[in-house]
Structure formats: structure tokens, C-alpha cells
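One-based numbering, in listed order, for ligands and for the atoms of each.
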Amino acid sequence: MSARILLVEDNSANIYLATFLLEQRGLIVEVARNGAEAVALARARPPNLILMDLHLPVLDGYEAARLLLAAPETAAVPIAALTAFAMTGDREKALAAGFCEYIEKPIDPAGFADQVGTLLRGPPPKLS
Ligand code: MN
């Protein structure tokens with residue numbers, strides 16, 4: 001069965017590009033345009049991975065992630081931050097907030113689907 005991605009993004013051009021690249025890989029993409037919609041959709045039907053813009057209307061990415069990580073239905077769903085505001089410390093701030101990864105925009109058409117594929121496979125097993 002195909003993995004389902006919840007793409008949380010308020011920019012139409014980014015939604016179009018990301019959806020195109022992911023669907024081309026056979027992934028199923030669901031779109032939320034703000035943080036509140038993302039929380040509602042994810043709780044109703046938890047996806048395999050959430051790609052979350054940090055700067056969103058209604059509820060920003062940090063707040064939406066906090067709610068999702070605190071809810072039992074969605075606590076185990078990995079959430080990757082997707083943002084153009086790549087300033088020093090942003091990556092660390094996102095990882096500290098519970099995001100599993102940080103993908104910088106603009107979306108790289110050549111590498112984006114591979115990045116998402118890697119996230120879907122989860123972290124590599126730890127060597128002991
Ligand atoms: Mn945005």
C-alpha cells in the first residue's frame with residue numbers, strides 16, 4: 001500500500017510542486033493549508049509522514065506539531081519541518097520541538113522525493 005503524506009503548506013506554488021513530485025513517486029498526498037486543518041486531518045486519519053511548513057495561518061507549524069505530538073493518535077507520526085526561513089538556529093529549534101527533520105525551501109525538484117523517501121524509511125538501525 002502506498003504511504004500517505006500530509007502536506008501542510010499555505011503557498012499554492014509549493015503545494016503544486018511538492019504534490020507533483022511526491023505523486024510521481026506513487027505517494028498519496030493530502031493537503032492542509034493551515035495548522036488547525038492539519039491537526040484535524042491528522043487526527044481523523046493519521047498519515048505515515050507529515051511535511052509541515054512552519055509559517056502558517058491560524059496555527060503555526062510549531063503549535064500544530066506540539067498538539068500532534070501530544071495526542072495519542074498522532075504522537076508516533078514523524079513530522080518534518082518544511083520552511084524557507086532557514087536562519088541560524090532554526091534547524092536546532094525545529095529538532096528540539098520534536099520535528100524529525102528539517103527540509104529547506106525552495107523545494108529542490110531533483111532531491112525532494114528522495115528526502116521524503118528516506119524519512120518514510122525511518123532512522124537507520126543503531127549499531128550496537
Ligand atoms: Mn507558509
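- The atom of His55 that is an N, O or S and sits closest to the Mn ion (ligand 1) is O.
- Between the side chain of Ser2 and the backbone N or O of Gly26, at least one donor-acceptor pair lies under 3.5 Å.
- The N, O or S atom of Asp53 lying closest to the Mn ion (ligand 1) is OD2.
- The closest side-chain heavy-atom distance from Val31 to Leu6 is not below 4.5 Å.
- Relative to the ring axis of Phe112, Lys105 does not place its NZ or CZ within 45° and under 6.0 Å from the centre.
- For Asp10, the N/O/S atom at the shortest distance from the Mn ion (ligand 1) is named OD1.
- Taking each heavy atom of Leu69 and Ala75 in turn, the nearest pair found is O-CB, 3.4 Å.
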